[in-house]
**Student:** 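Mind having a look at this structure? Questions to follow.
Chain naming here is simple, since letters A, B, ... match the order of the sequence lines and numbering starts at 1 in each.
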Amino acid sequence: MTQLSPVIWWVRRDLRLADNPVLHAAASSDRPVIALFICDPLVEGLGAAPKWRLGLGVARFARCLDDMGSKLILRRGDALTVLQQLIAQIGATAVWWGRQYDPDQVARDKKVKAALRDSGVDAQSFSGHLLFEPWQVQTGQGTFYQVYSPFWRAVKDLDVAPHLPAPECLRAPAQWPDSDSLADWGLGRAMNRGADVVHPHLHIGEDAARTRLAYFIDRNVADYQDQREFLDQDACSGLSENLTYGEISPGALWRAGQHALDAGKAGAAHFLKEIVWREFAYHLIFHTPHIVSRNWRDGWDSFPWSNDGTGVLRWKQGRTGIDVIDAAMRELYVTGRMHNRARMLVASYLTKHMLTHWRVGQDWFAQCLVDWDPAANAMGWQWVAGSGPDAAPYFRIFNPDTQARKFDPEGRYRRKWLAEISASAPETAQAFFRACPRSWQLSPQMARPNPLVDLAEGRKIALQAYDIKNKT
DNA sequence: GGAGATTTAGC
DNA sequence: CTAAATCTC
């Protein structure tokens, strides 16, 4: 019996076996499957923490494929060139992949798909990263949604594709093509001193993601709506890290949330809404790709941002002098993550009180977040800055003190991450000084700086800047 | 074109 | 109480 020609599964941000449409199609085809991960310029261009974390995810996923008698082939270079070389080498006739939606990846994938199809290769993209394809959700007028609530109402009762089981095995090719060594790629190089500190906080891989989801559904989802706002509580799912690399599917979260809701866990309703916020971010990045680089509302182009390099450095270091802001920036550096509400607070402080362009914050998050997601990061920063999607009629400015009183009433979050405010700082807070660049010359014994900006003054300045924008 | 609504607010 | 724009139907 002659063997069918192999399918190349181009693995990207879908490092999972279960509920993966492209893998399911490849496995069901009865053809040999060659899973390929390409370190292309877009991977090379990732920020330090997400690039390092991606490498750890790829390593873990390669072991999963090994365990089922298959392999993950690693190649480096321009994606189309790598694919064409491999196609020629093994006589593949198909290249299939899971779709991505940010402008850089869309542009690359369009070019790859057109070129491969021109040469007679069966090039196909599959869903799997989202619950709903961005072009399938439309307003009554046939346009895309620009406000979250109507988007939510439009999707909340839609059917989500049923779960796809992980294949038990994959047909191997007659001969495995050669592969790079992951270590040679040096994906963790830019992490420097941070890697050892951040590593214990990670949950890498499909099994870890599933375990974490089960824990969240069991322990936290029932009170999610009430508890998620508190900064020191472990009340959130923590699954953004796995979602962004595709180590778990959004469908798995959706079904678990629905099931919990059916079982009477009321907080699950809010969990479903948060999953749809991720969908909404992808809806926006697909329909308005400029959201990653320019003001989403062009009326904001006249906003008088300031350019204070010293202030920005102190924001990055967690030395603004505002405890809750500084604690959050330290949490980011030590864990590679930050509580959702804290993200809003530090973003509001940077863009409003410090009048710094949202892109500066977006770039720093893209360097530091192990759960960095192109759509969520862009939407989040523009939402807080005011230049993004939000129909609210006023210029929203968070007061960090008020917020800390509400959401960290006993100061536990601030003491957990800010060494300089405790006589004997906890290990979590001291870890920052082992992780941060030596060139910053920081120590836990240093005095707290005076606030960079007085809170009332900062608010006034931001409101004046808003007036200037509106008059221009 | 009009009515009704709009994630997390601050003073 | 403020201030009051934009979206969706």
**Student:** Could you give me the stems involving DNA chain B, meaning stretches of three or more consecutive Watson-Crick or G-U wobble pairs whose two defining distances are both below 3.5 Å?
**Tutor:**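 Stem list for DNA chain B: B:2-6 with C:5-9.
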**Student:** Do A:Arg438 and A:Trp440 form a cation-pi contact, if we require the NZ or CZ to be under 6.0 Å from the six-membered ring centre and within 45 degrees of the ring's axis?
**Tutor:**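 Ring-cation test returns no.
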**Student:** Could you give the NE2-to-C1' distance, from A:His339 to B:dT8, as a whole number of Å?
**Tutor:**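 Interatomic distance, NE2 of A:His339 to C1' of B:dT8: 12 Å.
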**Student:** Between A:Trp315 and A:Tyr349 (judged by ring centroids, cut-off 6.0 Å), do the two rings come close enough to count as a pair?
**Tutor:**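 No - the distance between ring centres of A:Trp315 and A:Tyr349 does not fall below the 6.0 Å cut-off.
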**Student:** So which nucleotide from C:dC7, B:dT8, B:dG10 ends up closest to the side chain of A:Trp383?
**Tutor:**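 So the side chain of A:Trp383 is nearest to B:dT8.
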**Student:** Determine the interplanar angle of the A:Trp135 and A:Tyr101 rings, folded into 0 to 90°, and report it as parallel if under 30°, tilted if 30 to 60°, perpendicular if over 60°.
**Tutor:**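 Tilted, since the angle between the ring planes falls between 30° and 60°.
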**Student:** Which of these nucleotides, B:dT6, B:dT8, C:dC9, is closest to any side-chain atom of A:Val147?
**Tutor:**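 Of B:dT6, B:dT8, C:dC9, B:dT6 is nearest to the side chain of A:Val147.
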**Student:** How would you label the contact of A:Glu229 with the nucleic acid (heavy atoms, under 4.0 Å): base, sugar-phosphate, or nothing?
**Tutor:**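 Answer is base: heavy atoms of A:Glu229 come under 4.0 Å of a base.
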**Student:** For B:dG4 and C:dA4, measure between their C1' atoms and round to the nearest Å.
**Tutor:**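 Taking atom C1' in both B:dG4 and C:dA4, they lie 15 Å apart.
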**Student:** Which nucleotide in the list B:dT6, B:dA9, B:dT8 gets nearest to the side chain of A:Met344?
**Tutor:**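 The answer is B:dT8, which lies nearest to the side chain.
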**Student:** Test of understanding: with side chain to side chain donor-acceptor pair (under 3.5 Å), list the residues that count as partners of A:Arg108, not counting sequence neighbours.
**Tutor:**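 Side chain to side chain donor-acceptor pair (under 3.5 Å) check on A:Arg108 returns A:Asp40, A:Gln105.
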**Student:** Using residues 421-431 of chain A as the side-chain source, report each donor-acceptor pair under 3.5 Å to any protein atom, sequence neighbours left out, with the distance given to one decimal.
**Tutor:**
residue, atom, partner, partner atom, Å
A:Glu427, OE2, A:Arg434, NH2, 2.8
A:Thr428, OG1, A:Lys416, O, 2.5
A:Gln430, NE2, A:Ala425, O, 2.7

**Student:** Do A:Trp97 and A:Trp10 have ring centres separated by under 6.0 Å?
**Tutor:**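 Close enough - the centres of the two rings lie under 6.0 Å apart.
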